[in-house]
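Basis for what follows: all heavy atoms, side chains included, without hydrogens, waters or symmetry-related copies. Every number for a ligand or one of its atoms is a count from 1 in the order of the listing. Sequence positions, counted from 1, serve as the residue numbers for this chain.
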Amino acid sequence: MKIRTTLSARLGIDYPIIQAGMSWASSNVALPAAVSNAGGLGVLAAGPMRPHDLRNALAELKASTDRPWAVNVPLYRKGVEEILDIVAEARPPVIIASQGAPGDHLKRFHDLGSRWLHVTAFPKHAEKAARQGVDGVIAVGVEAGGHPPDDGASTLVAVRRILQMVDCPVVASGGAADGYGIAALLALGADAVQLGTRFLMTKEAGVHDDYKQAVLAADVGDTMLAGRGNLPVRCVRNEFTDAVLQAEAAALPTSDPQAWKDLLSASTLKQAAFDGDVTRGKVEAGQTAGLISDIPPAAEVMARLIDELKEAFGRVEAMSGRVNSRSEFA
Ligand SMILES: Cc1cc2nc3c(=O)[nH]c(=O)nc-3n(C[C@H](O)[C@H](O)[C@H](O)COP(=O)(O)O)c2cc1C
């Protein structure tokens, strides 16, 4: 049984489940191919990829699945024009853009037949992207791994607020790691749910094993939002986040903004994801790290998500049956 929403029908996927674009973790073919082949939307993360690696990966991904797939392009990355040219050559079924405005590029990709989903951390950016004609906005809440919004709005609140403001489909991102979370966000009004940390914790994800072990060991309170006011990043607490807390306590962001910026950029995701330095690097992960206790293949994650989603829907149906029954109230 497929689960159909307006957006899943438009994208041609069997389930309204999107594997989030994650630099390093999904900058490979294996993860997006596995998710797309299992009926979700797999997303290749172009963020850290060199142009020729991206071109090869796009060709390989196209050959690995006959189902819809997507590519994530952070629009602020260096050399983005060349990256967009390479992506356009591949005619992706879906492009997921983050960190920038869609306006300049939308027509080109629509002319190629691609759908454009736009990641937004703030309701007013979502409204602007919707006005420019994107096919959907992805609303990211503060629970999310990567770069969640600075304003601290949770996914529960951000999605409702954005639904009040736009008339295109809204995808919820942040805080879902199982089918129950997906069911809750679909019930809230989302047209699909994007999961990052859950797919980070799969065999196919392209991060160092020590990174996966650090996320496995983390509980729901063991991540923090580091660098408020300066493209904050949610990551697992370690020496880097301790240094950030100490700097904040010493008022470094206001007393020496350049030293604050230097501190935030001295540690990187690559350091943790590629080199395996999980003590000083940025171990980006969401609060759902605490809900995850294994590292299975992505296809198994998809199968579980679908089973749990159906179970959650069944639970709600049973509840509403009871509420509607006169005898329950008698
Ligand atoms: C390791 C990691 C890397 C990420 N890299 C990107 C990226 O390159 N582009 C992007 O748009 N979002 C990125 N994100 C954010 C995810 O796309 C997604 O919004 C987030 O993981 C959803 O929250 P969740 O982790 O609670 O599921 C990243 C997240 C993680 C955990």
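Taking 4.5 Å as the limit, some side-chain heavy atom of Met302 sits within range of a side-chain heavy atom of Phe199. Put simply, the side chain of Asn37 reaches to within 4.5 Å of the side chain of Arg67, judged on heavy atoms. In this structure the side chain of Glu143 reaches within 4.5 angstrom of the side chain of Ser154, judged on heavy atoms. Side-chain contact between Leu44 and Leu54 is present, with at least one heavy-atom pair separated by less than 4.5 Å.
The nearest protein atom to atom 30 (C) of ligand 1, hydrogens excluded, is given as Met22 CG, 3.7 Å; this is a heavy-atom distance. Here the protein heavy atom with the shortest distance to atom 31 (C) of ligand 1 is Glu284 O, 3.6 Å. The nearest protein atom to atom 26 (O) of ligand 1, hydrogens excluded, is given as Gly175 N, 2.9 Å; this is a heavy-atom distance. Among all protein heavy atoms, the one lying closest to atom 20 (C) of ligand 1 is Gly145 O, 3.5 Å. In this structure, atom 11 (O) of ligand 1 lies nearest to the protein heavy atom Ser98 OG, 3.0 Å.
Between the Asp135 side chain and the Trp116 main chain, a donor and an acceptor come within less than 3.5 Å of each other. Judged purely by atom type and a 3.5 angstrom limit, Tyr211 uses its side chain to pair as donor or acceptor with the backbone of Glu284. Formation of a donor-acceptor pair under 3.5 Å by the Asp210 side chain with backbone atoms of Val278 is not found in this model. Side chain of Arg160 to main chain of Leu188: a donor-acceptor pair is present (N/O by atom type, distance under 3.5 Å, no hydrogens or angles). Within the 3.5 Å criterion, the main-chain N or O of His125 finds no donor-acceptor partner in the side chain of Thr120.
Taking any N or O of Ser23, backbone or side chain, at least one lies under 3.5 Å from an N or O belonging to ligand 1. Considering both main-chain and side-chain atoms, Gly196 comes within under 3.5 Å of ligand 1 through a nitrogen or oxygen pair. Among the atoms of Gly21, some N or O lies under 3.5 angstrom from an N or O of ligand 1. Between Ser173 and ligand 1, an N or O atom pair is found at a separation short of 3.5 Å. At least one N or O atom of Asn72 sits closer than 3.5 Å to an N or O atom of ligand 1.
Within 6.0 Å of the CG atom in Asp294, the count of heavy atoms belonging to other residues, nucleotides or ligands exceeds 12.
Of all atoms in ligand 1, numbered sequentially from 1 with element shown, those under 4.0 Å from a heavy atom of Leu195 are 27 (O). Residue Ala20 approaches ligand 1 through these ligand atoms, each under 4.0 Å from one of its heavy atoms: 16 (C), 17 (O), 18 (C). For ligand 1, the atoms closer than 4.0 angstrom to any heavy atom of Gln194 are 17 (O), 18 (C), 19 (O). The Gly146 neighbourhood of ligand 1 comprises atoms 28 (C), 29 (C), 30 (C), with distances under 4.0 Å to a heavy atom of that residue.
Of the heavy atoms in Tyr211, only side-chain atoms (C-beta onward) come closer than 4.0 Å to ligand 1.
Comparing Thr197, Val283, Val142 against atom 24 (P) of ligand 1, the shortest heavy-atom distance belongs to Thr197.
Of the N and O atoms on the side chains of Asp262 and Gln258, at least one donor lies less than 3.5 Å from an acceptor on the other residue.
Using a non-hydrogen distance threshold of 4.0 Å, Ala144 registers as a contact of ligand 1.
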